[in-house]
Amino acid sequence: MVLKKLLGSTATRSLTVLSVLSEAKTAFSRGKRTRGILLLGLAALAWKWAILGLAAQGVLKLVRGGRSGSGSTP
């Protein structure tokens, strides 16, 4: 029950949406327009279901091979 309450809080939902929007911005800046558009749609859904945004970020991390989206490559 505590996890459900945490994921349903306004603060958690807001942070999830902002994080997904940040991922969308990164995708657009890298020229990945389709991924950016999908992430924008997901950001809208993440307000209602925060777990979708969290899951999408996990999948993106796996796709990138564990690399951070905002970090620079050495």
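Since this is a predicted model, take the numbers as computed values, not measurements.
Here OG1 of T26 is found 10.5 Å from CZ of R35. Values are rounded to the nearest 0.5 Å. Put simply, NZ on K25 and CG on L39 are 14.0 Å apart, with the number rounded to the nearest 0.5 Å.
Taking L45 as the reference, W49, L52 meet the side-chain contact (heavy atoms from CB on, under 4.5 Å) condition, with sequence neighbours excluded. Among residues two or more places apart in sequence or in another chain, the side-chain contact (heavy atoms from CB on, under 4.5 Å) test is passed with I37 by F28, R33.
Shown here for A24 and L40, the closest heavy-atom pair between the two residues is CB-CD2, 4.0 Å.
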